[in-house]
Amino acid sequence: MIAQVSVDVAAKQTDRVFEYHIPQELTDVAVGSRVVVPFGRRKVQGFVVGISKTTSYTGKLKDLLVVVDELPPLTPELITLSKTLADKIFAYRITILQSMLPRVMRANYRKILVPITEEAKKLKIFKGEPLDLNEVSNLNTIIEIKKLIKNNQAKIEYLVENKAKKKQIAIYLLTKTKAEYQQILKGLRKTAKKQQVLLDNIVKNYHEYPKLGSKIVSELDVSSSVLRAAVKKGWLVKKEQEMYRDPLKDFEPRKKKIQIKLNSEQTHALNSIGKSIQKREAKTFLLEGITGSGKTEVYLHAISIALEQKRNALMLVPEISLTPQMVKQVKERFGDNVAVLHSGLSEGEKYDEWRRIRRGEAQVVVGARSAIFAPLKNIGLIVIDEEHESSYKQNDTPRYHARDVALLRSKFHKCPVVLGSATPSLASRARAQKGRYELLLLTKRANQKALPKVDLIDLKTVEFAGAQFDLSIPLVDAIKEKIAKKEQVILLLNRRGFASFMLCRNCGFVLKCPNCDISLTLHKDTQQMQCHYCGHKEPIPRRCPNCQSEKIRFLGTGTQKVQEELENLLPEAKILRMDVDTTRRKGSYKKILDSFGDHQADILLGTQMIAKGLDFPNVTLVGVINADTALSLPDFNSSEKTFDLLTQVSGRAGRAEKTGRVMIQTYNPDNYAIKLAQSQDYESFYQKEMRVRFQGNYPPFFYTTLITITSKNEQSAAKEAFVIKRKLMRHLHAPTIILGPTPSSVAKIKNQYYYQILVKYKHEPKLHDLLHQIQDDAQLAQKRGLNIYIDNEPERIM
DNA sequence: AGCACGCCGACT
DNA sequence: GTCGGCGTGCTC
């Protein structure tokens with residue numbers, strides 16, 4: 001038998017199958033197996049994407065070397081999906097196969113030098129072990145190695161290693177009868193106090209064994225050496241048992257059957273989805289419901305229906321660690337049947353959760369973007385919550401959109417997809433309008449609460465509190481009032497750091513990152529100027545680096561500065577700041593939210609990570625410090641992003657009995673995105689924005705593809721971009737629009753210059769092949785230091 | 001992507 | 001005559 005293998009070499013020339021003979025002893029290999037194969041002189045990991053009896057290859061086939069896992073990690077469905085998706089998004093198939101699995105399953109490659117002769121084994125460089133060639137840099141050693149190889153005294157070996165470690169726990173089993181242990185206890189030396197404790201416990205609690213090693217150690221206060229001694233003497237037997245790391249052990253699943261009654265709208269939505277599950281339809285629903293209308297409750301009921309049908313359910317949420325509350329709800333409803341996958345877990349935890357899914361031990365999977373590849377079988381329902389979120393699109397290769405993958409999987413499993421949002425993406429909403437998706441509306445707030453009152457504060461005319469121009473008097477007064485009433489406040493500012501740039505008032509110099517075309521941000525906590533693109537850091541200047549003048553100012557505002565201002569203006573208030581800088585450590589996110597939930601602070605000040613999904617009943621005021629930051633971006637969807645963000649963050653106010661209030665500070669109070677966010681009028685926004693998109697020839701009226709060309713040399717990037725543009729122009733015709741090439745809005749990042757071309761088209765059958773050609777050429781261009789990226793339906797085109 | 005092969009100039 | 005620089009081509 002012959003295996004078709006996709007090898008772990010991400011390059012255009014190797015982006016195809018290589019065939020291998022399956023040796024007799026590896027008959028357990030199947031489509032989806034992870035294997036190690038000889039590839040040229042090396043060994044590489046690969047995935048079996050097909051098995052056949054014959055081959056058209058005329059050369060001699062090599063044998064598969066190893067089948068890595070007992071159970072093939074990928075299902076045939078996912079293998080097929082990898083091919084479809086690779087073609088669609090211009091990625092290598094192997095890149096997609098790799099991203100379907102937890103990172104720890106990626107191979108580790110090593111090259112070692114193994115001594116052959118006895119004489120060589122004694123050499124200093126080996127120290128009794130093979131030499132790791134990746135760690136050799138010394139010139140003399142390299143010369144010595146070459147000599148050894150030439151004289152046949154040593155050889156190079158290629159290793160493929162598995163990084164994944166299964167967590168093992170030790171269990172201790174008894175070997176004797178109770179009476180025998182009593183005998184041993186009697187004969188024990190008087191000084192062996194701890195052994196006595198252990199034996200005592202065995203005799204008294206005989207039935208409690210076998211027992212966890214860690215439990216024995218903690219309960220009896222003995223050290224592990226006592227256990228080791230006991231094993232040595234034959235009293236106990238140690239057994240290693242594989243254990244799953246449980247990321248949710250902190251949650252106590254109540255598993256109470258809290259059947260929340262659905263209102264008529266919810267019931268109608270649920271019935272439609274339920275019918276579709278039962279009829280096994282690959283149908284897409286757009287569940288559009290205002291904040292607080294109980295979308296989650298509909299999801300959970302729908303998942304129950306899928307489970308009743310003995311089918312499984314997949315639910316995506318935007319970067320799950322952001323919504324621990326959501327995970328908790330699902331976990332409470334479905335208990336141990338739930339597996340979670342998101343970036344907040346350690347690599348090991350992710351691997352364990354993934355294995356539970358693969359083995360069929362979880363019926364419900366909740367996760368962020370990459371969870372769309374969960375190896376779940378027999379899917380009866382896919383839910384994508386907050387479907388408009390841009391985080392569902394991966395920003396680097398493979399540039400897939402989880403929504404597109406969901407639609408592919410739904411076709412395979414013949415199950416419905418539910419896209420839920422208060423502010424659907426224009427693309428999805430337009431499809432619903434056309435009838436390609438079924439629109440389900442939830443217009444009533446489930447708790448019958450009125451929507452919060454939203455005020456716009458015009459920063460052009462308002463007076464500011466304090467010396468800085470960040471916090472207006474009305475906003476500060478409102479905060480004071482809420483704090484006096486022991487209520488809580490959430491403040492949103494979409495910029496971290498203290499001041500976003502340094503300006504010299506003498507010569508106009510702005511301090512920029514040496515590697516990127518962006519100004520450096522002042523960070524007060526670390527006392528450094530930082531680049532938010534590449535992480536470059538340098539000391540805060542005292543004089544202008546250009547003209548040595550001392551008249552330098554730090555302008556623009558960030559979360560750190562606003563925190564300082566708040567501390568000055570409201571010395572009695574306790575403030576928690578939440579941004580990338582304060583949440584870098586694992587678990588710090590949850591810690592901040594928990595302490596805010598316990599009312600250990602009055603104000604939660606943060607970047608957009610606080611806008612989503614948080615549910616704090618005591619929050620009655622939400623303040624947006626500057627609504628214009630996103631609007632000023634030169635992107636076709638910046639209005640949509642602004643509207644979404646403002647609507648989302650407004651929804652954080654007044655979640656329980658207390659009525660909420662929202663205050664939005666802006667320099668553009670007449671902008672339609674901001675005005676319509678104030679009235680929380682999605683429908684009008686949709687109509688208005690569709691007209692804008694129509695006039696600008698933007699999605700959803702046009703499809704878009706973005707080609708980005710980068711190089712360390714600005715001229716060669718620009719030149720290559722023009723070559724590509726000419727190529728496109730030769731083959732594509734109106735109404736297709738080719739924009740650019742233009743330098744990106746941040747023209748240089750990490751010393752790479754960025755040029756881009758945007759193709760907008762309605763129907764362009766040649767484009768797909770043309771882009772694949774461009775991708776082929778990119779392989780050659782790479783040798784000249786050029787990188788070319790193709791992004792199908794980009795989320796950002798700056 | 002690696003790795004080898006092969007061609008060419010530079011050095012023992 | 002041998003070493004090592006880089007361009008070219010292949011990997012079942």
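We name chains A, B, ... by the order of the sequence lines, and we start the count at 1 in each one. Below, each value reflects all heavy atoms present in this structure, side chains not excepted, and no hydrogens, waters or symmetry copies.
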Phosphate OP1/OP2 of dG2(B) contacted by R42(A) side-chain N/O (<4.0 Å):
yes
Between K512(A) and D517(A), is there a salt bridge with N-O shorter than 4.0 Å?
yes
Take atom CD1 of I94(A) and atom C1' of dT11(C), then tell me their distance rounded to the nearest Å.
14 Å
K147(A) NZ to dT2(C) P, straight-line distance once rounded to whole Å:
16 Å
Expressed in angstrom and rounded to an integer, what is the separation of K12(A) atom NZ from dC10(C) atom C1'?
17 Å
Quick one: label Y57(A) by what it contacts on the DNA or RNA (base, sugar-phosphate, nothing), any heavy atom closer than 4.0 Å.
base
Heavy atoms under 4.0 Å, any strand shown: does Q13(A) hit a base, just sugar-phosphate, or nothing?
base
Is K121(A) paired with E118(A) through a side-chain N to carboxylate O contact shorter than 4.0 Å?
yes
Between dA4(B) (C1') and R41(A) (CZ): distance, integer Å:
7 Å
Tell me: CG of D15(A) to P of dA1(B), nearest whole Å?
12 Å
Base, sugar-phosphate, or nothing: which does Y92(A) touch, judged by heavy atoms less than 4.0 Å apart?
nothing
What does K111(A) touch in the nucleic acid at a heavy-atom separation under 4.0 angstrom: a base, only the sugar-phosphate, or nothing?
sugar-phosphate
Base, sugar-phosphate, or nothing for A11(A), non-hydrogen atoms under 4.0 angstrom?
base
In plain terms, say whether K111(A) and D132(A) are close enough for a salt bridge, that is, a side-chain N and a carboxylate O under 4.0 Å apart.
no
Quickly work out the L133(A) CG to dG2(B) P distance and round it to whole Å.
15 Å
Mind calculating the distance between CG (N787(A)) and P (dA1(B)) to the nearest angstrom?
9 Å
Taken to the nearest whole Å, NZ/K146(A) to P/dA4(B) is 11 Å
Minimum heavy-atom separation for M609(A) and Y589(A), please, with both atom names.
O-OH, 3.7 Å
Does a side-chain N-to-carboxylate-O contact under 4.0 Å join E353(A) and K350(A)?
no
